[in-house]
Amino acid sequence: MIQHHEILKELRQEFPDLAPEISLEENKRNLHRQLACFASYTNRFIDAVNLDGARRCFREANKLLQEGDQQVRHALQVSYLYALHLYNSDNSLQWRLLMGPALVRCSQQMTHSMLP
């Protein structure tokens, strides 16, 4: 199981070019900020329609969803999935297909729980 205090190390290892941003003092000790940085990083690929980059990010997000502790899964939902630019483009279906069923289901649950 991936513990919440291991996310910084996990993201640095998988995405070395993200390391400077998530290692800033204001992000270093805050799981939600780290996953928000990861969302911004993923959005760069989504906005550039870079399928390979987005696929790598979604693969890591799926790993965190499946192997993360409760805090990781919650932060992934509210600080990562919520911030993605999935529905702002003509390619929204394509992004959801790349995300995979578990992330899509998690995203849909979040959206439905916010409805009145």
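Residue numbers count from 1 along this sequence. Because the structure is a prediction, the values reported are computed rather than measured.
Under the 4.5 Å side-chain criterion, counting only non-hydrogen atoms from C-beta, E10 is in contact with E60. Q70 places a side-chain heavy atom less than 4.5 Å from the side chain of R73. By the 4.5 Å heavy-atom criterion applied to side chains, I46 and F58 are counted as neighbours. At least one side-chain heavy atom of I2 sits under 4.5 Å from a side-chain heavy atom of K63. Using a 4.5 Å heavy-atom cutoff, the side chains of R12 and L18 are not in contact.
Of the inter-residue distances, the one linking W95 atom CH2 with L51 atom CG reads 5.0 Å to the nearest 0.5 angstrom. For the atom pair E26 CD and K28 NZ, the distance stands at 10.0 Å (nearest 0.5 Å). The distance from atom CE of M99 to atom SG of C57, rounded to the nearest 0.5 Å, is 11.5 Å. Once rounded to the nearest 0.5 Å, the distance linking SG of C106 with CG of N62 reads 9.5 Å. One finds the NE2 atom of H5 at 11.0 Å from the CG atom of L31 (value rounded to the nearest 0.5 Å). A distance of 11.5 Å separates NZ in K9 from CD1 in I7, rounded to the nearest 0.5 Å.
Of all the heavy atoms in A39 and A83, the pair that sits closest is CB-CB, 3.8 Å. Across every non-hydrogen atom of L98 and A54, the tightest pair is CD1-CB, 4.5 Å. The two atoms that bring A61 and L103 nearest to each other are CB-CD1, 3.7 Å, heavy atoms only. For N43 against H85, the heavy-atom pair with the smallest separation is OD1-N, 2.8 Å. Scanning all heavy atoms of the two residues, the minimum distance from P16 to P20 falls at O-CD, 3.7 Å.
Here the side chain of D69 pairs a donor or acceptor atom with the backbone of H4 at under 3.5 angstrom. Of the possible polar contacts, one joining the Q34 side chain to the N27 backbone as a donor-acceptor pair under 3.5 Å is found.
Between F38 and Y80, the ring planes lie parallel to each other; the angle is under 30°, not in the 30° to 60° tilted range.
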